[in-house]
Trainee: 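Below is one structure. I have some questions about it.
Bear in mind the structure is a predicted one, so any value in this text is a computation, not a measurement. Letters go in sequence order (proteins before strands), and every chain restarts at 1.
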Amino acid sequence: MITSASNVARAEPICGMDAWLPVPARIEHIDQENFNTYTFRLRIIDDAIRRMYRWAPGQFNMLYVPGVGEAAISISSDPDEPRVLEHTVRVVGSVTRGILDTGVGGVIGLRGPFGVGWPVGNEIEGKDIVMVCGGIGLAPMRPMVYYLMKNRDRYRRVILLFGCRTPEDRIYIEELAEWEADGRIDLLVTVDNASGDWAGPVGVVTNLLRRVKVNANQSAVLVCGPRVLNRAAAWQFLQLHVPRSHVFVSLERNMNCGFGRCGHCQYGAKFVCRDGPVFRFSDIADIFAKEEI
Amino acid sequence: MTDTAKPKLAVYKFSSCDGCQLSLLNLEDELLDLVGAVEIAYFLEARRKTLPPPYDIGLVEGSISTPEEEQRIHQIRRDCKYLVAIGACATSGGIQALRNWARLDDYAEAVYAKPEYLHTLETATPVAAHVFVDFELRGCPVNAQQLLELICAKLIGRKPNIATHSVCIECKRLGYPCVMVSASKPCLGPITNAGCGALCPSCGRACYGCFGPMEQPNIASLGDHLMQDQHVDARGMKRMLRSFNGYLEPFKQASDHYERLES
Amino acid sequence: MSDVKSVAEQRWFLPKSSLGDLVRKLCEQGYTVIAPVRRDGVITILPITEAADIARGVADEQDGGHYRLHDDPEDKYFRYSVGPDGPKRYFFPPRQKLFTMHVAGDRFEMDTVGPEPPKYAFIGVRPCDLAAIAVQDRVFGIASDQSTFRCETETYYQQTRLQSLLIAVNCTRPGGTCFCDSQNTGPEVTEHHLFDVAMTELRGGFVMRVGSDKGRALIDELPVREPNEAELELEELRLIRAREHMGRSLDPQQARDALAKAVEHPRWDEVAERCLSCGNCTMVCPTCFCSTVTDSSDLASNKVTRHRQWESCHTLAFTYVTSGPSRNNTRSRYRQWLRHKLSTWYEQFGSSGCVGCGRCITWCPVGIDLTEEAAIIAADRTLTTTHRSESEVCS
């Protein structure tokens, strides 16, 4: 449960006794989302730690495969049920491969939660919420969707725009259908290349903006996707005169520690792991469009 | 008795001095653990018995310099799931690749009484010029601990911790004084891949590049500096770059550049 | 309080022949004494057991990419300035074990026991290095509010730091690449520094003052006397002259502002032509704190270990993500280093990341000079605003 009314959502890490030390967590369930993406449901083994564990939408954990390494993975489940931890992972490297190979019943390590997540509370209440996601960028947004649906009456319109390469690349396909049927949020899904019996929109996700009316002064925009999408989406919303301070972007960087000590994730003056991964556009406007920051 | 569950390791020798294979045998403290963890299935220098392929890990030492080797490497690729080129010869062509800049016959006649018995290729080339390799471990010879890390990493599924940055970083971590700055020795450390543990600087010697070029080396800048401040001439630069890894880009290209400057 | 002030202003004189008493006293108190030692052509700081181990009668010559020691006719101890190594490696070791672990079913059997934090006494710490220690204190959680995250490596840093004894020495002969004066970090130890004892070397001995109770207690155990007028005057003269002999200078405020604006600048291309991306500057920098965690395992894949080691922002692996390195060229990596050191550091830790020790200039193999790079960018009058117009956001 998120009680904080502050601008940023941040929960204390459970590994407070030593932020470098992972705690064991069991993989309880694995769902295959698409050809290389899986959702892992984890359960922290230690009862006391599991009960203490709290997190906010947009925060991430460092998942550790003993002897293989660690990867920063955002939490994708419902923040109101902090004892069920889902992580949606694209299996592309040795650590993510290691998590998959560990399999259901196996144990991996977990440190976290780290970072600052999506804005909640006063910051965005009473506004239209426009979420724009590309590919696996939907994973860090899913907790926000749950949060918004539960607190639906505090917001005006809630719009989720989601783009993928092909229909087969979509993640959470069943849930997308449920959200659409539910009707509390406006969901639009587009694909770059239609295949099979896809009858929906085709084209990049920012094209979907033509289909929704954005109320510039009354909207909060949340963006999570690859770099190209982040830039294109931020650009389009600024063109629509949404204030910089109402656009939030989640960034991806190399991370080692998760708490601002190792230096890897620096983005200008920010430590993405500690000050982000979600940033208010106005805080990073001077470097956002620059190459190789 | 053979433990069939254990991954099978094969070690092959091509044109080389055996030094890299010896690095493996020199892992005296770890050898027992090694044979506990893997089945030495093919390693002529260590074990008379050989087991039939396929092998899980293949380590190839040496460059491809003869018609026979050119054929054999393809079969080895088919036999090994994970093929690793180890050492300067296998990853760059090695010292024998110097002949790639010369006429083979001149070399052969200078060295052998009856060169007509030789059957060699015009060039000595790295393994990767012939077949796909899964990993390359640099060094002349390879660092035994890196070799061990490679095997341990493969066994557990880790990306091997093999740095691709400069020698300087490990040199400084270990606290060795910089021989270039403090003694004006022409050191290739700033453009050479780490991995040796800064062996030469630890003895007050300049690095001579036996681990080959690092990631994105700025050879031109180092070259300018060495030529201006330390009076290395173009020929000197060419010779420094054309040693164990001379045939490996971007050392090759840079050495060709300095060769043109010579004339 | 007036008492404290008088102590801060009070001076003592330790005859040179009694430096051995100081070393002995520290050893007796259980300290590992670390002091400048001449070794392999450089001044490095190493554990010593007697005053004779301390480098003496030697002076250095430093310039961009150039360092030489030569015998000095003045038979003094501290005629050289800083060598490549500072106290950093003793508080923040180049390689440190985080844990060794064995997976036993549902449990991680952790061995996190590291070495007991040593008790170090440093002799001859320069004011710039004192300032650097203060900078790293803020990074590693002493004197900062970043205490949410506790960890063993930090505890090691903090314990080692807090139980260390810092005997500083004022610089009377700055090196050719020094610019502490313009950074307000030297050449003299001031009340802004954290130290226990500070001393100025004169021909016959050391004029000393104290900066802490620990320092005061130490003085009481030494064969000191009161300095005479001439000695105090000479000390002052030495320190004034030191300020006049800075090899370089850098206006920190100007550099900070200019670099904040100069995300794009033609000078970055120019410096990238020369920069080797070798990482030497980051390794010798007394404030650079970046590290990388590496995993290893034994052959049986039974025992796994994590280490943390010094890392450089000049490597490709530093920013590697699935889609490739975020900083894929020398230009962007040098830019990150310089902008971080001189500009964004303020926002992160409330001060500059540069203390003016000049190590990065001396130990750059090709002599790239950050004071020069920063000055050239700061002199560019076309740098007007940090914020781009919105039309440029997606360019």
Trainee: Would C:Gln309 and B:Glu170 satisfy side chain to side chain contact (heavy atoms under 4.5 Å, CB included), going step by step from the backbone distance to the final call?
Mentor: CA-CA 10 Å; C:Gln309 61 182 1; B:Glu170 58 181 351; over 6 Å; no
Trainee: So which part of B:Leu148 gets closer than 4.5 Å to some heavy atom of chain C, the side chain, the backbone, both or neither?
Mentor: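 Side chain only.
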Trainee: Taking the side chain as every heavy atom from C-beta outward, state whether B:Arg158 and C:Ser297 have any pair of such atoms under 4.5 Å apart.
Mentor: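 Yes. Closest side-chain heavy atoms under 4.5 Å.
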Trainee: Can you tell me if CD on B:Gln253 sees more than 12 non-hydrogen neighbours from other groups inside 6.0 Å?
Mentor: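 Count not over threshold, so no.
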Trainee: Tell me which of these, C:Gln62, C:Met283, C:Arg95, has more heavy-atom pairs under 4.5 Å with chain B than the rest.
Mentor: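 Sorted descending by pairs with chain B, the first entry is C:Met283.
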Trainee: Between C:Thr362 and chain B, with a heavy-atom cut-off of 4.5 Å, which part of the residue counts as in contact: side chain, backbone, both or neither?
Mentor: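 For C:Thr362, the contact with chain B is made by backbone and side chain together.
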Trainee: If you count heavy-atom pairs under 4.5 Å between each of C:Ser301, C:Gly279, C:Ala317 and chain B, which one has the most?
Mentor: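 That would be C:Ser301.
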Trainee: Using non-hydrogen atoms and a 4.5 Å limit, figure out which bit of C:Asp295 sits close to chain B: side chain, backbone, both or neither.
Mentor: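 Both backbone and side chain of C:Asp295 come within 4.5 Å of chain B.
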Trainee: Below 4.5 Å from any heavy atom of chain B, which atoms of C:Thr315 appear? Answer side chain, backbone, both or neither.
Mentor: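 For C:Thr315, backbone and side chain are both near chain B.
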Trainee: By a 4.5 Å heavy-atom criterion (distance strictly below it), what part of C:Asp298 contacts chain B: side chain, backbone, both, or neither?
Mentor: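 C:Asp298 touches chain B through backbone heavy atoms alone.
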Trainee: How many angstroms lie between atom OG1 of C:Thr282 and atom NZ of B:Lys172, to the nearest 0.5 angstrom?
Mentor: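 Separation between the atoms: 9.5 Å.
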Trainee: Around atom CZ of C:Arg38, are there more than 12 heavy atoms from other residues, nucleotides or ligands closer than 6.0 Å?
Mentor: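 Yes, because the 6.0 Å sphere around CZ of C:Arg38 holds more than 12 heavy atoms from other groups.
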Trainee: Between B:Ser182 and C:Arg68, is there a side-chain donor-acceptor contact under 3.5 Å, judged purely by atom types and distance?
Mentor: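 Per modelled atom types, C:Arg68 and B:Ser182 side chains form no pair under 3.5 Å.
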Trainee: Of the listed residues (C:Ser296, C:Ala272, C:Pro93, C:Gly367), which shares the most heavy-atom pairs with chain B below a 4.5 Å separation?
Mentor: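 Max contact count across the listed options: C:Ser296.
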Trainee: Quick check on B:Ser184 against chain C: is it the side chain, the backbone, both or neither that has a heavy atom closer than 4.5 Å?
Mentor: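 When you check distances to chain C, atoms from both the backbone and side chain of B:Ser184 fall under 4.5 Å.
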Trainee: Do B:Ile156 and C:Val304 touch side chain to side chain, with heavy atoms closer than 4.5 Å?
Mentor: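 SC-SC contact between B:Ile156 and C:Val304 confirmed.
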Trainee: Check each atom of B:Asp33 against the heavy atoms of chain C and say whether the ones under 4.5 Å are side chain, backbone, both or neither.
Mentor: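 B:Asp33 touches chain C through backbone and side-chain heavy atoms alike.
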Trainee: Mark yes or no for whether B:Asn218, through its side chain, and C:Cys275, through its backbone, hold a donor-acceptor pair below 3.5 Å.
Mentor: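 Yes; at least one donor-acceptor contact below 3.5 Å.
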Trainee: Counting heavy-atom pairs under 4.5 Å with chain B, which one of C:Gly83, C:Cys364, C:Pro94 comes out on top?
Mentor: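 Of C:Gly83, C:Cys364, C:Pro94, C:Pro94 has the most heavy-atom pairs under 4.5 Å with chain B.
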Trainee: C:Asn329 versus chain B, heavy atoms under 4.5 Å apart: side chain, backbone, both or neither?
Mentor: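 Only the backbone of C:Asn329 comes within 4.5 Å of chain B.
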Trainee: Taking atom NZ of C:Lys303 as the centre, report whether more than 12 heavy atoms of other residues, nucleotides or ligands fall under 6.0 Å from it.
Mentor: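 Counting other residues, nucleotides and ligands, NZ of C:Lys303 stays at 12 neighbours or fewer.
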Trainee: Could you check whether any side-chain heavy atom of B:Arg173 comes within less than 4.5 Å of a side-chain heavy atom of C:Glu311, counting everything from C-beta outward?
Mentor: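 The answer is yes; the side chains approach within 4.5 Å.
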Trainee: Taking all atoms of both residues into account, what is the closest heavy-atom pair of B:Cys168 and C:Cys278, and its distance?
Mentor: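 In this case the closest contact between B:Cys168 and C:Cys278 is CB-O, 3.8 Å.
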Trainee: Would you mind telling me which of B:Ala37, B:Cys152, B:Ala194 has the largest number of heavy-atom pairs within less than 4.5 Å of chain C?
Mentor: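 Among the listed options, the one with the most contacts to chain C is B:Cys152.
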Trainee: Check whether C:Glu273 reaches the backbone of B:Ser221 with its side chain - one donor and one acceptor, N or O, closer than 3.5 Å.
Mentor: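 Side chain of C:Glu273 to backbone of B:Ser221, a donor-acceptor pair under 3.5 Å: no, none is there.
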Trainee: With heavy-atom distances below 4.5 Å as the criterion, would you say the side chains of C:His66 and B:Met180 are in contact?
Mentor: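 They are not in contact (no side-chain heavy atoms under 4.5 Å apart), so the answer is no.
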Trainee: Between C:Val366 and chain B, which part of the residue has a heavy atom less than 4.5 Å away: side chain, backbone, both or neither?
Mentor: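 The answer is both parts of C:Val366.
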Trainee: Is it the side chain or the backbone of C:Arg89 that comes within 4.5 Å of chain B heavy atoms, both, or neither?
Mentor: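 Contact with chain B: side chain only.
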Trainee: Determine whether C:His314 and B:Ile169 make a side-chain contact, defined as any pair of heavy atoms from C-beta on separated by less than 4.5 Å.
Mentor: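 No, their side chains stay 4.5 Å or more apart.
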Trainee: Assess whether side chain to side chain contact (heavy atoms under 4.5 Å, CB included) is satisfied between C:Asn328 and B:Gln216, documenting all intermediate values.
Mentor: CA-CA 9 Å; C:Asn328 204 10; B:Gln216 301 181 343; 3.4 Å; yes
Trainee: Can any side-chain N or O of B:His165 pair as donor or acceptor with the backbone N or O of C:Leu316 at less than 3.5 Å?
Mentor: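 No; zero donor-acceptor contacts below 3.5 Å.
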